[in-house]
Amino acid sequence: MTPGIYTSTNHLLCKGPNQSFGNHVLHLYAVYSFAQANGLPFFVTADSNLDEMFDLEAFKCKGQPSKCIFDEEYGGNLIDYYHKDIRNINKIKRFLSKKEIIDQAVYISGWFYNKLLLPDISFFDRIKIKSDAASRLESKSYIFNADHLVLHYRGTDFKNHSIGFGDIRLQGEYYDKCIDHFCMSHDLKKIVLIADDVDEALNTISAMKRYDVIVERNDYILDWLILFQCTNVICSNSSFCYTAGAYHKSVVYQPRNFLNRYIDSHYPYPIEIGRAHV
C-alpha cells in the first residue's frame, strides 16, 4: 500500500444518533491533520455517510493498512476520561511535531475531539463540499444575516450519554447568557433553532420566548451545512456542532465543559456557563 495515513474503516462506519456524522467528520479532520503535519498523503478507506457531504473519491483506497499508529483512548468515568485525555493530547503533540517516523501505510483509530486537530479553512479547498449538498442552502439565505443567531440544542441521547457520563444536556442558562451577550452588540431579529428536541429546547431556553424563532426541521446534512455556513452561532457540546461551528463565523459561542476542554481558546466568546449535568 502507498505510504501515508489512512482512516479507520470502523470509525467511518460506526453509526449512532444523526448517523454519528459529527464523529465521522472529527475522524476525517484528524487523519487530514496528522497527514498534513507529517507531509504525507491521506487516504479514506471506506464509503460512508461522509460521501453525502464531501467529494472524497480522489482519496479513496481499497483496504486498510495493518498497522495502527494511534489508538485513541476514551470512555470510562470522569476521572478515567480525564487521564486518558491527557495521554491522548501528549501523543497528539508528538505526532504533530514529526517526532514519529512514518514511512509506511498506517491508520489511526479514534474520534479526536481536540482543537489541535481542527484543520484550517484550507481543508475545504481540498475536501470539497458536494455542489448538490451546498445548493440546498439557497433557501436558507437568512442564516447569513448579521441580526440572526443560529442555536444548536442537543437532547435525546444526551439525556443518558452512552459513554457513561449521565445527563450532559446543557442548561438553559448557558443559552440565555449567550443570547443576552449577543444582544449587547447586535440587534437580534430572529433565532434559528436546530434541535433534535424542539419542544424541550423551547421550554428550556427562556430567552427565546422574547424573539421570533425559525425552527429548522431538516436531515443532518442540511443541519450541518447551516451550522457550517451561518454567520453567528451558539454551539452545543456535541461533535456535530463543533465540526461545523468553527468556520465562517462572525460570532461563536462555545460551552466550556469536560467534552470541550481543549477548544476554549479557539472561540471569541467561550462563556463559562452551562456546565453539563453529571
Side-chain angles (χ1 to χ4, degrees), residues 1-12 14 20 22-46 48 50 54 56 58-61 64-76 80-128 228 235 237-249 252 254 256-268 270:
M1 301 182 75
T2 304
I5 301 182
Y6 292 65
T7 60
S8 161
T9 298
N10 179 60
H11 281 80
L12 292 185
C14 177
S20 296
N23 285 338
H24 295 164
V25 178
L26 280 179
H27 184 70
L28 185 68
Y29 284 174
V31 174
Y32 176 87
S33 296
F34 278 126
Q36 286 287 101
N38 289 277
L40 294 169
F42 81 102
F43 299 94
V44 178
T45 58
S48 70
L50 291 175
F54 303 109
L56 298 172
F59 308 99
K60 292 284 182 69
C61 66
Q64 177 180 289
S66 59
K67 184 175 181 179
C68 177
I69 57 166
F70 195 137
D71 190 0
E72 182 191 33
E73 299 180 68
Y74 53 88
D80 290 341
Y81 194 87
Y82 173 78
H83 290 296
K84 288 175 181 178
D85 260 2
I86 295 300
R87 291 195 292 270
N88 286 333
I89 198 170
N90 288 335
K91 287 192 290 184
I92 289 170
K93 287 179 177 178
R94 187 173 73 245
F95 278 98
L96 293 180
S97 65
K98 301 182 182 180
K99 291 185 178 178
E100 298 291 329
I101 298 175
I102 303 172
D103 56 2
Q104 58 184 303
V106 297
Y107 75 96
I108 62 173
S109 176
W111 301 126
F112 299 101
Y113 203 113
N114 196 295
K115 76 168 185 180
L116 293 173
L117 295 171
L118 187 74
D120 63 34
I121 195 67
S122 66
F123 171 88
F124 301 97
D125 293 330
R126 292 193 66 194
I127 313 297
K128 303 286 188 180
F228 177 69
C235 290
N237 54 334
S238 74
S239 60
F240 182 83
C241 192
Y242 172 57
T243 52
Y247 303 97
H248 301 300
K249 303 294 176 284
V252 176
Q254 178 69 38
R256 288 180 179 173
N257 59 49
F258 58 89
L259 285 179
N260 296 20
R261 193 160 44 245
Y262 299 119
I263 61 179
D264 293 344
S265 62
H266 182 75
Y267 292 91

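Owing to the predicted nature of the structure, the values given are computational and were not obtained by experimental measurement.
The side-chain heavy atoms of Tyr247 and Leu118, taken from C-beta on, include a pair separated by under 4.5 Å. By the 4.5 Å heavy-atom criterion applied to side chains, Ile108 and His27 are counted as neighbours.
Taking both residues in full, the closest heavy atoms of Pro3 and Pro41 are given as O-CG, 3.3 Å, listed atom of the first, atom of the second, then distance. The two residues Trp111 and Leu26 make their nearest non-hydrogen contact at O-CB, 3.1 Å. Nearest heavy atom pair, residue Ser109 against residue His11, reads OG-CE1, 2.9 Å. Taking every heavy atom of both residues into account, Ala105 and Pro65 meet most closely at O-CB, 3.3 Å. Across every non-hydrogen atom of Cys235 and Gln254, the tightest pair is CB-OE1, 3.1 Å. The shortest non-hydrogen separation linking Gly22 to Thr243 is O-CG2, 3.6 Å.
Judged as a ring-ring contact (aromatic ring centres under 6.0 Å, His included), and not counting sequence neighbours, the contacts of Tyr6 are Phe43. Judged as a ring-ring contact (aromatic ring centres under 6.0 Å, His included), and not counting sequence neighbours, the contacts of Phe95 are Phe34, Phe70. Qualifying side chain to side chain contact (heavy atoms under 4.5 Å, CB included) partners for Lys98, counting only residues two or more places apart in sequence or in other chains: Asn38. Partners of Phe42 according to the ring-ring contact (aromatic ring centres under 6.0 Å, His included) rule, which considers only residues two or more places apart in sequence or in another chain, are Tyr32, Phe59. Under the rule for a side chain to side chain contact (heavy atoms under 4.5 Å, CB included), the partners of Asn10 that lie at least two apart in sequence or sit in another chain are Ser8. Residues meeting the side chain to side chain contact (heavy atoms under 4.5 Å, CB included) test with Ser33, sequence neighbours left out: Leu117, Pro119.
Side-chain N or O atoms of Lys93 include none that pairs as donor or acceptor with a backbone N or O of Lys91 at under 3.5 Å. At least one donor-acceptor pair closer than 3.5 Å links the side chain of Glu72 to the backbone N or O of Phe112. Although no hydrogens or angles enter the test, the distance criterion places a donor-acceptor pair under 3.5 Å between the side chain of Ser238 and the main chain of Cys241.
Residue Ile121 qualifies as enclosed at atom CD1: its count of foreign heavy atoms under 6.0 Å is above 12.
Between atom CG of residue Asn114 and atom CG of residue Asn88 there is a gap of 8.5 Å, rounded to the nearest 0.5 Å. In this structure, the separation between CZ on Phe123 and OH on Tyr29 is 6.0 Å, given to the nearest 0.5 Å. Between the OH atom in Tyr107 and the CG atom in Asp71 there is a gap of 7.0 Å [rounded to 0.5 Å]. Atom CG in Leu40 sits 11.5 Å away from atom OG1 in Thr2 (nearest 0.5 Å). For the atom pair Leu12 CG and Thr7 OG1, the distance stands at 4.5 Å (nearest 0.5 Å).
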| task | Before giving the answer on ring-ring contact (aromatic ring centres under 6.0 Å, His included), spell out for Phe228 and Phe124 the whole-Å C-alpha distance, their side-chain angles and the decisive distance to 0.1 Å. | result | CA-CA 11 Å; Phe228 177 69; Phe124 301 97; 4.7 Å; yes

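Of the candidates Leu50, Thr45, Val44, Leu50 is the only one forming a side-chain contact (heavy atoms from CB on, under 4.5 Å) with Ser48.
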